[in-house]
Amino acid sequence: MGYLVGVTALWAFSFSLIGAYLSGQVDSYFAVLVRIVLATLVFLPFLKPRLLAHRHKLALMAIGAVQLGLMYIFFYQSFLLLSVPEVLLFTIFTPLYVTLIDDALAGRFTPFYLLSAALAVAGAAVIRYQGVDSGFWLGFLVVQGANLCFALGQVAYRHLAVRLNDGVPQYSIFGWFYLGALALVVVAFTLFGNPGKLPTTGLQWGVLAWLGLVASGLGYFLWNKGATKVDAGALAIMNNALVPAGLVVNLVLWNRDADLSRLALGGAIILASLAINEWWVRRRRLPVSPLA
């Protein structure tokens with residue numbers, strides 16, 4: 001859980017940085033490409049190709065292509081169809097996908113995980129709900145594409161991790177994750193990117209460096225590592241913990257308007273859903289394992 005909490009705090013800052021310094025100013029495909037290139041460079045020195053079978057290399061590359069590469073493509077396109085509050089609202093469905101995909105891969109159905117995830121969704125909705133026009137359903141579907149990619153990637157990594165040799169350090173193989181994402185994003189930038197809309201200031205380059213080396217590099221590694229150490233219910237709930245965390249950072253650093261009563265109530269609901277999920281796991285005396 002510590003990994004997930006730490007990355008949540010890290011990514012909470014990232015959203016504000018993107019909104020303040022990159023959104024609408026730098027080509028989104030280029031921003032994604034730079035982030036993934038830098039993240040790949042972080043882990044390439046540690047990559048040991050002989051530690052993985054070829055099928056596991058391909059599986060890890062596919063996970064990276066979906067969770068990071070394809071997810072970002074959907075996510076950035078959604079901003080062309082929706083306002084920022086609408087995009088944030090529609091991301092609250094990710095926990096539901098996490099629980100359903102995890103159950104599907106394990107060949108089971110756990111209603112309580114779905115219930116706890118739904119409670120977390122309710123908490124995030126309390127924080128973010130502002131009303132959505134019915135004409136934005138296409139944007140809704142695009143965001144759900146991003147949500148599904150992120151959920152599928154982290155759950156698939158949990159299930160892949162238990163099939164790997166216990167003696168293999170995750171950092172020595174995680175480069176394959178970024179190489180898979182990089183292969184996809186290079187194609188996307190070639191086809192859809194705008195080379196004429198690149199960063200023009202040192203601050204923009206600095207933000208991209210932070211996002212690539214830290215948020216995307218260390219962030220996705222630690223998030224996926226954390227995903228292997230908690231049960232599916234806790235993982236689903238932590239996917240929505242970013243909503244109140246992001247609002248707090250935005251309020252403190254950028255002094256933007258925020259409904260503090262909604263923030264407090266929604267955050268309390270999300271924390272309650274996490275506490276209920278932990279109580280249920282302990283009551284059943286289930287170990288917190290990759291397949292829990």
Side-chain angles (χ1 to χ4, degrees), residues 1 3-5 7-8 10-12 14-15 32 36 59-78 82 87-125 128 139-162 174 177-178 180-181 184 215-216 219-243 245-246 270 273-274 277 290-292:
M1 184 63 72
Y3 290 111
L4 301 181
V5 172
V7 176
T8 295
L10 180 66
W11 285 347
S14 298
F15 277 104
V32 172
I36 297 178
L60 195 49
M61 291 180 70
I63 291 171
V66 171
Q67 185 184 353
L68 191 56
L70 189 58
M71 181 276 291
Y72 270 137
I73 291 174
F74 275 120
F75 186 68
Y76 278 97
Q77 288 303 307
S78 68
L82 301 169
V87 172
L88 291 171
L89 169 61
F90 290 155
T91 61
I92 67 176
F93 294 93
T94 305
L96 297 178
Y97 300 139
V98 169
T99 56
L100 292 174
I101 293 171
D102 186 76
D103 276 355
L105 291 179
R108 64 166 185 256
F109 177 60
T110 311
F112 192 88
Y113 284 160
L114 190 61
L115 176 63
S116 61
L119 184 59
V121 167
R128 276 299 184 182
F140 172 83
L141 294 176
V142 173
V143 176
Q144 298 322 300
N147 294 342
L148 281 167
C149 288
F150 187 59
L152 178 60
Q154 57 191 303
V155 174
Y157 185 81
R158 291 177 75 243
H159 286 260
L160 175 64
V162 300
F174 206 73
F177 174 90
Y178 292 110
L184 180 67
S216 292
Y220 275 89
F221 170 70
L222 293 176
W223 182 271
N224 282 322
K225 185 177 178 66
T228 67
K229 297 181 177 296
V230 300
D231 63 279
L235 178 61
I237 292 167
M238 286 305 298
N239 272 268
N240 262 359
L242 188 60
V243 177
I270 292 176
S273 68
L274 181 59
N277 178 81
L291 295 182

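The basis for the numbers below is simple: all heavy atoms, side chains too, and nothing from hydrogens, waters or symmetry mates.
- Residues Leu160 and Leu60 are in side-chain contact: their nearest non-hydrogen atoms beyond the backbone lie under 4.5 Å apart.
- Listed by chain and number, the residues in a ring-ring contact (aromatic ring centres under 6.0 Å, His included) with Phe74 amount to none (sequence neighbours excluded).
- When the side-chain contact (heavy atoms from CB on, under 4.5 Å) test is applied to Val7, the partners found at least two apart in sequence or on another chain are Trp11, Leu222, Trp223.
- Residues passing the side-chain contact (heavy atoms from CB on, under 4.5 Å) test with Met71 are Phe75, Ala146, Cys149, Phe150, Tyr220, sequence neighbours excluded.
- Here the CD1-NE2 distance, from Ile63 to His159, works out to 10.5 Å after rounding to the nearest 0.5 Å.
- Taken to the nearest 0.5 Å, the CZ atom of Phe177 stands 11.5 Å off from the CZ atom of Phe221.
- Residues Ala65 and Gly180 come closest through the heavy atom pair CB-O, 3.5 Å.
- In this structure, the side chains of Leu152 and Gln67 stay at 4.5 Å or more apart for every pair of heavy atoms.
- By the ring-ring contact (aromatic ring centres under 6.0 Å, His included) test, Tyr157 pairs with Phe174, sequence neighbours left out.
- Pairing each heavy atom of Ile101 with each of Ala151, the nearest pair is CD1-CB, 4.0 Å.
- Among all heavy-atom pairs drawn from Gly69 and Leu184, the shortest one is C-CD2, 3.7 Å.
- Considering every non-hydrogen atom in both Ala181 and Gly64, the closest pair reads CB-O, 3.3 Å.
- Qualifying side-chain hydrogen bond (donor to acceptor under 3.5 Å, both in side chains) partners for Asn147, counting only residues two or more places apart in sequence or in other chains: Thr94, Gln144.
- Across all their heavy atoms, Leu10 and Gly219 have their closest contact at CD2-CA, 4.1 Å.
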